[in-house]
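Scroll down for the structure; my scribbles are underneath it.
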2 protein chains.
Amino acid sequence: MTTKKVTIREVAQASGVSIATVSQILNGKTKRFTPQTITRVRAARDQLGYEPDYFAQRMITKDSKTIGVIVPDITNPFFGQLLRGIEAVLFRANYITMLCDGADDRLKERDYLDELTRRGVDGFIISSAAVASETLREKQRPFIVLDQKMASGTADAVLTDDRQGGRLAAEHLAALGHQRVAMVLPAAPTANIARRLAGFQTVFPDALQIDGELSKQGGRAAAKALVQTDATAVFAANDEIAFGLYLGLAELGKRVPEDYSVIGYDDTEMAEYVTPQLTTIAQPITALGATTAEMLLARIAQPDKVWEERLLGVELVKRFSAKPL
Amino acid sequence: MTTKKVTIREVAQASGVSIATVSQILNGKTKRFTPQTITRVRAARDQLGYEPDYFAQRMITKDSKTIGVIVPDITNPFFGQLLRGIEAVLFRANYITMLCDGADDRLKERDYLDELTRRGVDGFIISSAAVASETLREKQRPFIVLDQKMASGTADAVLTDDRQGGRLAAEHLAALGHQRVAMVLPAAPTANIARRLAGFQTVFPDALQIDGELSKQGGRAAAKALVQTDATAVFAANDEIAFGLYLGLAELGKRVPEDYSVIGYDDTEMAEYVTPQLTTIAQPITALGATTAEMLLARIAQPDKVWEERLLGVELVKRFSAKPL
DNA sequence: TGCGTTTGGTAAAACGTTTTAATTACACGT
DNA sequence: ACGTGTAATTAAAACGTTTTACCAAACGCA
């Protein structure tokens, strides 16, 4: 706090021109100036170590070079990987990402939304179902919603083919000879989870549904309900639940895959490291993040272009948690 | 973008007072005004939906109510949990946290540091070893460094008792009858990892050291080196490595804990869900984050208080990945 | 009445930029 | 000598607050 800030005025002084000149030259509007002045100004800038004051700049040009990202649970490695993708492209475009962990708290997410708006973020990436699209729209900022289809034709969106993912899981189980199957998913599923279920039901119209939060704990608890049924295979709404199932089932003396085949969803890194290695539906997590960020940037650059919607594919990766009946 | 911003001037107009009055009242400096004007102003504020412009405010009062947090790898669940702790207390204090994923890239971390400084963050929480304390100091901002002891008496720090953690792991292994043991850790360990090693060597002065990055991949690769030795037990520098070891060992036809006892470090959530459940040294991860944030806030409130250093305890949690020889 | 003191409030400066319209200087053609 | 055009630069407004010093009116009191 000891060294005081060097201002544009001092640079102007040092190079013997007006502050308007300095501002323009340093912002690349170099057309109208003579080579000498240009070098003179730049030299002064370097020599004094001048950095334009961020807030003063923002007062004029209202953009902030900042994107707000809201995720529901930063503790879930899925979002860690997703953020990698988002953040990488944003950083390359010189944007700073403001990460907000909603912690599954609707109110908190709202607060964040308000505060970030006040702070003039240039756009939002919403990866949580908890924020309604109207709320978002009234903020009058570009936003893109991830993995959560909203009223279409009214916002950008990037989706993965959840329906296909659900079907893939079901088909694999069916091919393995399973007839009685269950899916564990939250009691109030978000749109994307619901689509996974729908896809699953394409093959198993009367699959059992077991309640379970989207977390390891949720899966662990769901195991108790599972063993009461006559199902021989489970489809977990995400990998975290599947991991929970592993433990919950073990606690009840059941083995995977001998007693229960289980299929996860996401293909998070850990899926490969768990025993037995988890058969799961792979989403291109990092690519998902990257694509999202790119689309938002495109929207910011060109606010009036037509709404775009992108669908990314998924695939089944067979490992060892599902076996023939 | 259609509705234009409502400014303090309009509020003043609406309540028939000057903008100075509005500003003061709305900032709680309510002492000098009559109850009626106060209510009148507040009413106008509410009625017009006035929100002070963030950037204009920041131009005057230089604080930004923002903390920059830099982590080396957001993909590692340890940092997810840590962030939970940090973010929760910051949010409660009305601070926004700007999360930056260093992605193990020194240069990127530097860039972030520069940019955040320019944007006037009120302080930094550094959880990565890659940024040097001098670099940090020259930013002239309060900062606190986590789990990484720097030149002491010159910055705040919160540490966990890594040395004790290392010793605990070693003692457990010794009690189980192991004599030949190894530790896997990065070739260029950071200060905290080095302390774990030192503690471990307290009991096993000539423990083998196997190179391995702090990731699942790192552990997986290290397994190959491990099986070349005559060690019967491994101490992994963190849980991620331990998980990697599980897989790597399995790929080589070895079983845990029958062939190798393994002990992890961190007690991340996953430790309980893996099979066999991982014996590990528990750090109070979320508390660690919370404490750090609190200390930084305290420093910001009172920049000249004496440097503080806090040491948090660790404990051994026995599960099933280490067994008697 | 006169005078210091409190009360309630405001004018104006300051924060550090960007941007627009104006100004100067000069060359050129007639 | 005079307009005309153009190239280089700048003065000044604007952005929306907070803060400080000052002011007028009312009050207390001998």
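Below, chains carry the letters A, B, ... as their sequence lines are ordered, and counting in each starts from 1.
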Take atom [atom1] of [X] and atom [atom2] of [N], then tell me their distance rounded to the nearest Å.
X        : N       : atom1 : atom2 : value
Met59(B) : dA14(D) : CE    : C1'   : 12 Å
Lys5(B)  : dC15(D) : NZ    : C1'   : 12 Å
Phe33(A) : dA7(D)  : CZ    : C1'   : 11 Å
Ile19(A) : dT10(D) : CD1   : C1'   : 10 Å
Gln57(A) : dT19(C) : CD    : C1'   : 13 Å
Ile25(A) : dT10(D) : CD1   : C1'   : 12 Å
Arg32(A) : dA25(C) : CZ    : C1'   : 14 Å
Phe55(A) : dG16(C) : CZ    : P     : 12 Å

Want to settle it: does Thr7(A) or Arg40(B) sit nearer the 5' end of DNA chain C, counting the closest nucleotide to each?
->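 Nearest-nucleotide comparison on DNA chain C picks Arg40(B).
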DNA chain C: 5'-proximal contact among Ala56(A) and Gln24(B) (nearest heavy atom) |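 Looking at DNA chain C, the more 5' nearest nucleotide goes with Gln24(B).
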Under 4.0 Å, counting only non-hydrogen atoms across every strand here, what does [X] touch: a base, just sugar-phosphate, or nothing?
X        : answer
Thr34(B) : sugar-phosphate
Arg9(B)  : base
Ser23(B) : base
Tyr50(B) : sugar-phosphate

For Thr21(A) and dA8(D), is the shortest distance between a side-chain N/O and OP1 or OP2 below 4.0 Å?
->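 It does not, given that no N or O in the side chain of Thr21(A) lies less than 4.0 Å from OP1 or OP2 of dA8(D).
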For [X] and [Y], does a side-chain donor sit closer than 3.5 Å to a side-chain acceptor?
X         : Y         : value
Thr160(A) : Gln283(A) : yes
Arg119(A) : Thr66(B)  : yes
Arg310(B) : Thr292(B) : no
Ser18(A)  : Thr21(A)  : yes

Check Arg299(A) against Trp307(A) and note the closest heavy-atom contact, atom names and distance.
->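 Shortest heavy-atom contact: NH2-CE3, 3.3 Å.
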Report the residue (Asp53(B) or Lys29(B)) whose heavy-atom-nearest nucleotide on DNA chain D is the more 5′ of the two.
->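 The answer here is Asp53(B).
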